[in-house]
Amino acid sequence: MTRFLIRRIPSVALVLVATSVIAFLLPRLVPGDPAAVVAGPDASAETIAAIRTELGLDRPLVSQYFDWIGGLFTGDLGQSLRFNRPVSELIGDRLVSTLELALLSGVLLIVFGIGLGILAGSTRSRWARVLVEGTNTGLLAAPPFLVGLLLILLFGVAFRVLPTSGEVAVLDDPGIGIQYLILPALALALPMSAGVARLVQTRMLAVRQEDFIDLAVSKGVPPRRIDVRHVLRNSLGPAVVAIGIRFGDLLAGAVVIEAIFARNGLGQLAVSGAQSADYTVVQVLIVGAVFIAVIGQLLTEVVLAALDPRVRLG
């Protein structure tokens, strides 16, 4: 395990370096001058030029990049050009909201994805299988924002059982906080879980045709043990990989879901930063999202190796 992680350090470092370059350059390709935003709509050209000099935006891009990277290594994420506050403070104020949404969505993704896949891959009833497959197909065709709007209409307008906008921190009031989280987490997790369920179902049906399953049946192994120890365990590999990839998508999907449900998380911060050309905020969020995705992929490979002994990490 340790050798595997050490061998992955160069590739992880290369990905993060490439991401940092893209994250640094990409916001600067967006039309808009942050100095003009800071100065205000009625500022003169001289004032805007002075602000650009004060913020260091008139310096060469290479110098700006290495100053920013040096700050990341020392824990200095920079100063927001729009809010004139440290980026670390802005992210800290909104991090809990996005983490709550991502964690609950991740749990629901695993539960619904693997659960629906097992039902579709193991049920003996034709009508039950048709029902589960129809549900998967419908979720695959529905984007998260559409699922979110449907959930709002159903549980917020028609029946009025759950709040549809705003948020309450779970740590402050767990009961109320979970109520505010349920609908956005479902909207984010359900469409993604359909792809995981389809992978589990397809793999389970394929594993049932393998020779070692016929051997286990001929030896009199109980059907439940065959399903759990042989079929299910050998079917979760593709699902684990898909879940690892989807965890990165959760952060991207949170941008839209937070807007629909009026949550004040990192997604909203990224949108406002892009709209106001707040480079320092956007580039830190991009690097952070990729870093989380890379860590998720490493954990995925570790879990996959634990499930499938044929996978060698060393």
Side-chain angles (χ1 to χ4, degrees), residues 5 8-30 34 61 64-107 109 144 167 169-171 181 184-185 188-189 192 243-259 261 263-302:
L5 294 176
R8 293 301 302 272
I9 289 177
S11 60
V12 170
L14 180 61
V15 169
L16 293 179
V17 169
T19 299
S20 68
V21 174
I22 295 173
F24 179 81
L25 295 177
L26 190 60
R28 288 161 174 77
L29 299 178
V30 178
L61 289 179
Q64 295 183 45
Y65 172 77
F66 281 109
D67 286 346
W68 173 58
I69 289 298
L72 290 183
F73 281 109
T74 60
D76 180 12
L77 304 184
Q79 193 84 358
S80 170
L81 303 178
R82 177 188 178 191
F83 298 101
N84 196 28
R85 292 177 55 195
V87 175
S88 57
E89 289 185 6
L90 291 175
I91 293 178
D93 292 342
R94 305 179 184 226
L95 181 61
V96 174
S97 175
T98 300
L99 280 180
E100 290 176 350
L101 178 58
L103 288 176
L104 183 56
S105 300
V107 172
L109 167 64
E167 61 182 301
V170 175
L171 296 178
L181 265 178
L188 193 55
M192 297 183 183
I243 290 172
I245 296 174
R246 291 298 188 183
F247 268 111
D249 295 340
L250 289 177
L251 298 176
V255 175
V256 178
I257 295 302
E258 286 178 356
F261 290 91
R263 294 184 61 85
N264 193 28
L266 294 181
Q268 290 290 74
L269 180 61
V271 171
S272 64
Q275 291 175 340
S276 60
D278 197 345
Y279 302 155
T280 53
V281 172
V282 176
Q283 60 198 23
V284 169
L285 291 176
I286 293 175
V287 172
V290 173
F291 177 76
I292 293 174
V294 169
I295 296 301
Q297 187 63 34
L298 288 176
L299 294 177
T300 296
E301 295 183 13
V302 172

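If you're wondering where the values come from, they're calculated on a predicted model, not measured in any experiment.
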- Note on the structure: When every non-hydrogen atom of Val287 is compared with those of Ala23, the smallest separation belongs to CG2-CB, 3.8 Å
- Among Leu95, Ile91, Asp93, which residue meets the side-chain contact (heavy atoms from CB on, under 4.5 Å) test with Leu269? Ile91
- Message: Assess the residue pair Val107 and Leu103 against the criterion (side chain to side chain contact (heavy atoms under 4.5 Å, CB included)); give the C-alpha distance rounded to whole Å, side-chain angles, the decisive distance to 0.1 Å, and a yes or no.
- Response: CA-CA 6 Å; Val107 172; Leu103 288 176; 5.7 Å; no
- Does any N or O in the side chain of Glu258 come within less than 3.5 Å of the main-chain N or O of Gln268, such that one atom is a donor and the other an acceptor? yes
- Validation row: Val290, Val294 side chains within 4.5 angstrom (heavy atoms): yes
- Item | Residue pair Ser20 / Ile69: nearest heavy atoms and the distance that separates them | CB-CD1, 3.9 Å
- Message: I'd like to know if the side chain of Thr280 and the backbone of Gln79 have a donor-acceptor N/O pair within less than 3.5 Å.
- Response: yes
- Message: Nearest 0.5 angstrom please: Arg94 CZ to Leu285 CG, how far?
- Response: 9.5 Å
- Task: May I ask you to test the Leu188-Val256 pair for a side-chain heavy-atom distance under 4.5 Å?
- Result: no
- Task: Would you check if Ser97 and Asn264 make a side-chain contact, meaning some heavy-atom pair closer than 4.5 Å?
- Result: no
- Heavy-atom closest contact (Val170 atom, Leu181 atom, distance): CG2-CD1, 3.5 Å
- Message: Please find the pair of heavy atoms, one from Leu101 and one from Ile257, that lie closest to each other, and give the distance.
- Response: CD2-CG2, 4.4 Å
- Message: So for atom CZ, which belongs to Phe291, do other residues, nucleotides or ligands contribute more than 12 heavy atoms lying within a distance under 6.0 Å?
- Response: no
- Note on the structure: For Val284 and Trp68, the nearest pair of non-hydrogen atoms, with its separation, is CG2-NE1, 3.8 Å
- Angle class for the Phe24/Tyr65 ring planes (parallel below 30°, perpendicular above 60°, tilted otherwise)? perpendicular
- Query: If you take all heavy atoms of Met192 and Leu109, which pair is closest and at what distance?
  - Reply: C-CD1, 3.6 Å
- Task: To the nearest 0.5 angstrom, please state how far the OG1 atom of Thr19 sits from the CD atom of Gln283.
- Result: 13.0 Å
- Please confirm whether the backbone N or O of Ala102 pairs with a side-chain atom of Ser105, one donor and one acceptor, at under 3.5 Å? no
